[in-house]
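Just follow the structure's listing: the first ligand is 1, and inside any ligand the first atom is 1.
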Amino acid sequence: MKILLINGSPKGDRSNTLKLSEAFLEGILEIDKDAEIRQMNLSEKKIAPCRGCFACWNKTPGKCVMTDDMQEGIEGELWADLMIWSFPLYYFSVPGLLKNFIDRQLPMNLPFMEEQEGQTGSGGHPSRYDMSGKRHLLISTCGFYTAKNNYDSVTKLFDHVCGAGQYESIFCGQGELFRVPELKARTDEYLECVRQAGREYAQKQAISEDAKEKLRELLYPRDVFEKMADASWGVEKKSGEKEDPVLTFTRQMAALYNKDSFDQKERVLEIRYTDLGKAWQIVLGKDGSTVLDAGSREATTVIETPWDVWQSIARGEIRGDAALAKGMYRVTGDFSLMIHWDDFFGAANAAAGKEKSGKNSDGRTAEKEKQPQMIFMLAAWITFWVAVPVGGNVGAIVTLAICACLPLAAWNRKLTVYDRLSFGIVALLSVLALQKGCVNIALLAGYLGFGLMWLLSCLTKEPLCAAYVKYNYHGDDALENPIFMKANRILAAGWGILYILIAIWSAFLLPAGHTALMQILNNTATVLMGIFTGWFEKWYPQRVAAGK
Ligand SMILES: Cc1cc2nc3c(=O)[nH]c(=O)nc-3n(C[C@H](O)[C@H](O)[C@H](O)COP(=O)(O)O)c2cc1C
């Protein structure tokens, strides 16, 4: 396929729209490796406005009286199979540069009056050349929050130029966001949809309804976007005067607040840019966020960070949790804001944008329902420890039955490797307990096995508790979080050591007939460790964050 990309943005290679066009071409090239691409940046070309002399129709048919770069444009159009018209929306239409280019196509038409296929019934001129196999695609970004209702003039224009229904289009609102590095995660997601549209186009010469639906999704909900856009100009809203760029940055961050994450607790986040000696507060409330001067309110969470560190985190160049673990910045006060940062800011807003267009919410609920639950794994062990000492052989058979039933009971859940391992080990221990005189050995082996499973899990990429708890912290992403991982390794090691100790003291108490004492000791130790776990998982991240 031969493709002519006509870049009508006056910004040339810095065009937001061009990012979409390039993603589309990448998609095409993945499928059609031999596709040939020519790009014309109209901002770099000398194309004078049409003089309206009609010489190209009568005096020198097919040839313009002016000699400039438009000749390259016409040759390109005759050469290409597909024309990609890439341009920003200017005053609800195409920019002057592109309108100029369109006007200068006059030599490509014959002067006669003749309606073409797909034209609107208002009259037309036939083409001088055979353009029948040529295809057109419009890619455009605009500055308002949505493309809807903003492209009426553009579609009317191209209905006349290419014929209604004879071209595909990708129109995207919030175009200026494509140049904001801090929002790359969301804009990259959109660009991937454009890339997918490119792949489809290379295969079917069309973009599916499914892909179009995704391309119509807002990058951010309207209120978040408009707040962010207003903040991005770097001028004070009331006075119109230039404001401190660090304040602008803070305002943009505040604009990313997702008020749906409000949990009946107003938070005051104070950000202190330590190297600049500047600080502001962001109040996160029921109705949205407000930026205040530092010290205006009592801060609930304080972040102390060098300016460049915070910028790098916002741009996704470094992970916030990793930087925190390395002590590159400090956090004091209410740490829940940091733990659920993505719910309060950023990613959650993008998701909210999708939800508003009726997408994904069901998918996420279903995903949540499937999350593994530690209770299934524990049920196998607890049944074994209760049923076998009390019921002997009957207890062992009951445990075996429970081990067989648990995977069925958890049919709508993901099972972790620890669930499967536990069902298997407990079943084997129950079989051992059924052997004559082996109940005590089976019980002791159970304590030891349970302890070793916890302890050895520390050496894996996913310590036992992390395999379940990670779902409360954005799933697999939590495994990249050094603070989360360290806390979970410590806890898994703690539980492992405790159960090995339980196995050791039970090895003395059980043969001596102190079964009741052993049960009391084991249960008390487990409850205390449970209380410690609940406390530690809150205390530890807070301590690291405070740089202690
Ligand atoms: C002169 C001018 C007129 C504009 N008119 C509109 C408009 O009518 N509607 C709109 O949504 N955005 C409008 N915009 C915003 C641009 O369409 C938007 O910033 C776009 O993403 C720029 O794309 P580019 O970087 O590819 O040039 C206008 C921008 C300029 C400079």
Over 60° means perpendicular and under 30° means parallel, so tell me whether Tyr151 and Phe171 are parallel, tilted or perpendicular.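 Ring orientation, 0 to 90° scale: parallel.
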Give me the atom names and distance for the closest heavy-atom approach of Ala254 to Val291.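 Smallest heavy-atom distance, with atoms named: CB-CG2, 3.6 Å.
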Does a side chain donor of either Asp13 or Asn41 reach within less than 3.5 Å of an acceptor in the other side chain?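 Note: Asp13 and Asn41 side chains meet the donor-acceptor criterion.
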Polar contact flag, side-chain donor to acceptor under 3.5 angstrom, Asp334-Ser336: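 The criterion, which ignores hydrogens and geometry beyond distance, is satisfied for Ser336 and Asp334.
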Partners passing salt bridge (charged side-chain N to carboxylate O under 4.0 Å, His left out) against Lys11 (at least two apart in sequence or in another chain):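 Lys11 satisfies salt bridge (charged side-chain N to carboxylate O under 4.0 Å, His left out) with Glu176 only.
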My understanding is that only one of Gln166, Glu168, Met1 makes a side-chain contact (heavy atoms from CB on, under 4.5 Å) with Arg135; could you say which?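 Of all the options given, the one that passes is Met1.
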Inventory of protein N or O atoms under 3.5 Å from ligand 1 N or O:
| from | atom 1 | to | atom 2 | distance (Å) |
| --- | --- | --- | --- | --- |
| ligand 1 | 5 (N) | Leu89 | O | 3.4 |
| ligand 1 | 5 (N) | Tyr91 | N | 2.8 |
| ligand 1 | 8 (O) | Tyr91 | N | 3.1 |
| ligand 1 | 8 (O) | Phe92 | N | 2.9 |
| ligand 1 | 11 (O) | Gly143 | N | 3.0 |
| ligand 1 | 11 (O) | Phe144 | N | 2.9 |
| ligand 1 | 12 (N) | Gly143 | N | 2.9 |
| ligand 1 | 14 (N) | Leu89 | O | 3.2 |
| ligand 1 | 17 (O) | Leu89 | N | 3.4 |
| ligand 1 | 17 (O) | Leu89 | O | 2.6 |
| ligand 1 | 19 (O) | Glu176 | OE2 | 2.5 |
| ligand 1 | 21 (O) | Asn16 | ND2 | 3.1 |
| ligand 1 | 21 (O) | Thr141 | OG1 | 2.8 |
| ligand 1 | 23 (O) | Thr141 | OG1 | 3.4 |
| ligand 1 | 25 (O) | Lys11 | NZ | 2.6 |
| ligand 1 | 25 (O) | Asn16 | N | 2.7 |
| ligand 1 | 25 (O) | Asn16 | ND2 | 3.1 |
| ligand 1 | 26 (O) | Ser15 | OG | 2.6 |
| ligand 1 | 26 (O) | Asn16 | N | 3.2 |
| ligand 1 | 26 (O) | Thr17 | N | 3.0 |
| ligand 1 | 26 (O) | Thr17 | OG1 | 2.6 |
| ligand 1 | 27 (O) | Ser9 | OG | 2.7 |

